[in-house]
Amino acid sequence: MLLLTDLVNLNLSDCTDKIIAEYIWIGGSGMDLRSKARTLSGPVNDPSKLPKWNYDGSSTGQAPGEDSEVILYPQAIFKDPFRRGNNILVMCDAYTPAGEPIPTNKRCNAAKIFSHPDVAAEEPWYGIEQEYTLLQKDVKWPIGWPLGGYPGPQGPYYCGVGVDKAYGRDIVDSHYKACLYAGINISGINGEVMPGQWEFQVGPAVGISAGDELWVARYILERITEIAGVVLSFDPKPIQGDWNGAGAHTNYSTKSMRSDGGYEVIKKAIAKLGLRHKEHIAAYGEGNERRLTGRHETADINTFLWGVANRGASIRVGRDTEKAGKGYFEDRRPASNMDPYVVTSMIAETTILWKP
């Protein structure tokens, strides 16, 4: 007897050259991912060879009903871990029919910054640590937590092992492998300090690709939690009280920082970030003030400070970087719900292009 899973896993390459392309874009809230699929006549590996498409922006909070057409421009291609074969995921950004980026299209401006000759010459590398929380579907309470109650205090859960410490590992491992299959440069995973909270890391990725890869990794995680019947939350402080929040620490280096004498370049870059602290905080994620309290491995939102190996600082420099005199630093301020296009390009613009 034919099962639904048999059809879901059907290998189309046995009978047709046609493929399915899943077009992905960011909706009106700036965090809601949307997607829809179309059939193509054959395999495609260059986004410029893909057709533009459109969608109803009035249904995503991105256009009025009387002029609702928004145009999708394909920007990056990844292998589809769900349909597999030659099928693809396509990261897109959105434009008006006249070719103007819509207000929620943050990729367009980021691409301009990364294509600036001075930025491109510095080859900015990013490693983004994406924290997230898995919630029970009907009650929106972390998985593994007693309904209406709390587990034991934080301590045993960070990188923990065991049924009473690690909740949702099957989802996390599935996501890890699916990202590797897709071609995303996912560099690791770990259980986080709060039970039911996890982290994956994307990078090193250069320039605009860091944003593309993180958004598609988020999309894949949304799809996997959909299958598992679990709610995915990027809230920066999903549980109030003595529990860690969720961030998206952004590790960053330039060619000059990675070269001999780079530590001095790093210190100058950090000084620039300090001068624009309020501007960065405003762009680093909604609700971040609930997370950046000066407790739970954060610096207070109104205070900019940096230090070597200090996880209570705004910017942390690693011991290895200090010892080698070159390397990278970590911006610990971005919230888990930040837009990676905004954060990565803003760091590059401040540290490379901005003249105080």
* **Tyr150 ring center near Trp141 ring center (under 6.0 Å)** =>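 Yes, ring centres under 6.0 Å apart.
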When you compare the side chains of [X] and [Y], does any donor N or O come within less than 3.5 Å of an acceptor on the partner?
{"X": "Arg84", "Y": "Asn9", "result": "yes"}
{"X": "Thr350", "Y": "His280", "result": "yes"}
{"X": "Asn244", "Y": "Glu192", "result": "no"}
{"X": "Asn251", "Y": "Glu129", "result": "yes"}

State, with a plain yes or no, whether a side-chain heavy atom of [X] is found less than 4.5 Å away from one of [Y].
{"X": "Phe82", "Y": "Ile224", "answer": "yes"}
{"X": "Arg169", "Y": "Val161", "answer": "yes"}
{"X": "Tyr252", "Y": "Thr351", "answer": "yes"}
{"X": "Tyr167", "Y": "Val230", "answer": "no"}
{"X": "Ile77", "Y": "Leu50", "answer": "yes"}
{"X": "Val308", "Y": "Thr321", "answer": "no"}
{"X": "Leu292", "Y": "Ile281", "answer": "yes"}
{"X": "Ile239", "Y": "Thr133", "answer": "no"}

Quick one: do [X] and [Y] end up in the same hydrophobic cluster if we chain Ile, Leu, Val, Met, Phe, Trp and Tyr together by side-chain heavy atoms under 4.5 Å apart?
{"X": "Val206", "Y": "Tyr328", "value": "no"}
{"X": "Ile24", "Y": "Leu232", "value": "yes"}
{"X": "Val342", "Y": "Ile113", "value": "no"}
{"X": "Tyr132", "Y": "Ile186", "value": "yes"}

Classify the ring geometry of Trp145 against Trp243: parallel below 30°, tilted from 30° to 60°, perpendicular beyond 60°.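 Tilted.
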Once rounded to the nearest 0.5 Å, what's the spacing between atom [atom1] of [X] and atom [atom2] of [Y]?
{"X": "Gln75", "Y": "Cys92", "atom1": "CD", "atom2": "SG", "answer": "7.5 Å"}
{"X": "Gln62", "Y": "Ser29", "atom1": "CD", "atom2": "OG", "answer": "8.5 Å"}
{"X": "Ile270", "Y": "Lys272", "atom1": "CD1", "atom2": "NZ", "answer": "13.0 Å"}
{"X": "Phe304", "Y": "Arg276", "atom1": "CZ", "atom2": "CZ", "answer": "12.5 Å"}
{"X": "Glu122", "Y": "Ser253", "atom1": "CD", "atom2": "OG", "answer": "9.5 Å"}
{"X": "Met338", "Y": "Thr250", "atom1": "CE", "atom2": "OG1", "answer": "4.0 Å"}

Requested in this report: Let me know which of Arg38, Arg83, Lys36, Arg223 forms a side-chain hydrogen bond (donor to acceptor under 3.5 Å, both in side chains) with Glu22.
Outcome: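 For Glu22, the side-chain hydrogen bond (donor to acceptor under 3.5 Å, both in side chains) check succeeds only for Arg83.
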